[in-house]
Each structure stands twice: as structure tokens, then as C-alpha cells.
Amino acid sequence: MTPAELAALHRRCFTLPRPWDADEFAALLATPAAFLCCAPGGFALGRAAAGEAELLTLAVDPGQRRRGIGRGLLDRFETASIARGAQTAFLEVAATNNAARALYAAAGWQEAGLRRGYYRAPDGAAEDAVILTRTLAAA
């Protein structure tokens with residue numbers, strides 16, 4: 001997927017956190033630690049360095065949800081992270097994103113912290129980010 005295609009899908013998926021534009025995707029993809037996992041209807045963007053991986057964003061087209069695409073992308077992210085030497089992974093998710101939180105919990109991710117007021121909703125309201133972590137491989 002091109003940065004423009006990533007941005008278009010991200011825009012269809014998110015208002016909180018705010019969707020990223022093509023330039024932001026291009027800049028992230030240009031960094032050496034970044035990697036992209038794609039599937040029809042979605043993508044996961046991550047980065048891995050120094051034994052840790054971060055899931056930066058996971059997006060599944062709203063019309064394609066509840067078909068296992070998100071779980072498949074999460075599995076691909078974890079596999080790619082391990083291949084890059086990561087032993088642990090983390091992510092942040094909006095506290096009110098119940099569908100994503102259920103996906104991550106079912107995959108074994110555990111709550112590790114909370115960033116109060118981390119996101120801003122389109123109406124300006126503050127939204128907490130929940131930090132999740134998962135062990136990928138034995139140290």
C-alpha cells in the first residue's frame with residue numbers, strides 16, 4: 001500500500017486518535033525500524049528495535065470488520081516483530097475503543113498503564129490511552 005492508500009484507509013477508520021496523513025505515513029515508513037503488514041481490507045504498522053516492538057496503528061476497513069482481518073494482522077505484526085528480534089511488544093489504544101481492546105485481550109495483550117487525557121476527540125474532549133503489552137518470545 002502506498003502512503004496515500006494507508007492515509008485514506010486510516011481516515012475511514014479513525015477519528016480518535018486523529019487519522020494520519022500520507023506524509024506522516026511516508027515519514028514513518030522511511031525509518032529503518034518501521035515495517036508494514038498488509039492484508040485485503042487492512043494494515044498494521046509497527047516498528048521494532050532493541051528487543052521491543054511497538055504497534056503504531058492497526059486499521060481495518062469498517063466494511064470488512066468482524067471477519068478476522070484484525071486478528072490476522074495482529075498475528076503478522078507479532079511474527080514480524082519476533083523476526084526483527086523483539087521479545088516484547090506494546091501499543092496504546094483509546095480507552096473507549098472497546099472492539100480493539102477486546103481484540104488485543106483475546107490475543108493475550110495485558111494492560112500495563114494509562115495515559116490520562118492523551119488523545120483529543122474532534123470535539124476537544126480528552127480521552128485516555130490504555131497501554132498494553134505482550135511478551136513475544138522468551139528473553
Inset, instruction - Only counting residues at least two apart or in another chain, list the ones meeting side-chain contact (heavy atoms from CB on, under 4.5 Å) with Ala7. - result: Arg11, Ala22, Phe25
Inset, instruction - Indicate the atoms forming the closest heavy-atom contact of Leu56 with Trp20, along with that distance. - result: O-CH2, 3.6 Å
Legend entry - Distance-minimising heavy-atom pair for Ala89 and Thr133: O-OG1, 2.9 Å
Legend entry - Which residues share a salt bridge (charged side-chain N to carboxylate O under 4.0 Å, His left out) with Asp61, sequence neighbours left out: Arg12
Legend entry - Gln64 to Arg67 - nearest heavy-atom pair and separation: OE1-NH1, 2.9 Å
Legend entry - Spacing of Leu103 atom CG and Asn97 atom CG [to the nearest 0.5 Å]: 9.5 Å
Legend entry - Verify same cluster id: Leu114, Phe90 (apolar side-chain graph, 4.5 Å): no
Inset, instruction - For Phe14, enumerate each residue passing the ring pair (Phe, Tyr, Trp, His ring centres under 6.0 Å) test, keeping only those at least two apart in sequence or located in another chain. - result: His10
Inset, instruction - With sequence neighbours excluded, tell me which residues meet salt bridge (charged side-chain N to carboxylate O under 4.0 Å, His left out) with Arg116. - result: Asp128
Inset, instruction - State the CG-CG distance between Leu91 and Leu132, to the nearest 0.5 angstrom. - result: 4.5 Å
Legend entry - Residues forming a salt bridge (charged side-chain N to carboxylate O under 4.0 Å, His left out) with Asp23, sequence neighbours excluded: none
Inset, instruction - Would you mind reporting whether Pro19 and Cys13 have side-chain heavy atoms less than 4.5 Å apart? - result: no
Inset, instruction - Please write out which residues are connected to Leu16 in a hydrophobic cluster, directly or through intermediates, given that two of Ile, Leu, Val, Met, Phe, Trp, Tyr count as joined at side-chain heavy-atom separations below 4.5 angstrom. - result: Tyr118, Tyr119
Inset, instruction - Starting at CG of Leu136, measure out to OG1 of Thr79 and round the result to the nearest 0.5 Å. - result: 9.0 Å
Inset, instruction - For residues Leu9 and Val60, report the shortest heavy-atom separation together with the two atoms involved. - result: CD1-C, 4.4 Å
For residues 27-52, tabulate all N or O donor-acceptor pairs below 3.5 Å that involve a side-chain atom, not counting sequence neighbours.
{"unit_1": "Thr31", "atom_1": "OG1", "unit_2": "Leu28", "atom_2": "O", "d": "2.7"}
{"unit_1": "Arg47", "atom_1": "NE", "unit_2": "Glu54", "atom_2": "OE1", "d": "3.0"}
{"unit_1": "Arg47", "atom_1": "NH2", "unit_2": "Glu54", "atom_2": "OE1", "d": "3.0"}

Inset, instruction - Examine distances only and state if a side-chain atom of Thr135 and a backbone atom of Thr88 form a donor-acceptor pair shorter than 3.5 Å. - result: no
Inset, instruction - Would you please name every residue forming a side chain to side chain donor-acceptor pair (under 3.5 Å) with Thr96, sequence neighbours left out? - result: Glu127
Inset, instruction - Applying side-chain contact (heavy atoms from CB on, under 4.5 Å), name anything that partners Asp123, two or more places apart in sequence or on another chain. - result: Ala121, Ala125
Legend entry - Intermediate values then yes/no, side chain to side chain contact (heavy atoms under 4.5 Å, CB included), Leu73 and Ile69: CA-CA 6 Å; Leu73 287 166; Ile69 296 168; 3.8 Å; yes
Legend entry - Verdict with supporting geometry, Trp109 and Val93, side chain to side chain contact (heavy atoms under 4.5 Å, CB included): CA-CA 12 Å; Trp109 290 72; Val93 60; over 6 Å; no
Inset, instruction - Report the residues that fulfil salt bridge (charged side-chain N to carboxylate O under 4.0 Å, His left out) with Arg71, sequence neighbours left out, ordered by chain and then residue number. - result: Asp75
Inset, instruction - Would you list the pairs meeting salt bridge (Lys or Arg N to Asp or Glu O under 4.0 Å) in which at least one residue belongs to residues 24-36, sequence neighbours left out? - result: Arg18-Glu24
Inset, instruction - Output every pair passing salt bridge (Lys or Arg N to Asp or Glu O under 4.0 Å) with a member in residues 76-104, not counting sequence neighbours, ordered by first then second residue. - result: Glu78-Arg134, Glu92-Arg115, Arg101-Glu111
Legend entry - Approximate separation, where rounding is to 0.5 Å, of Phe77 CZ and Ile82 CD1: 9.5 Å
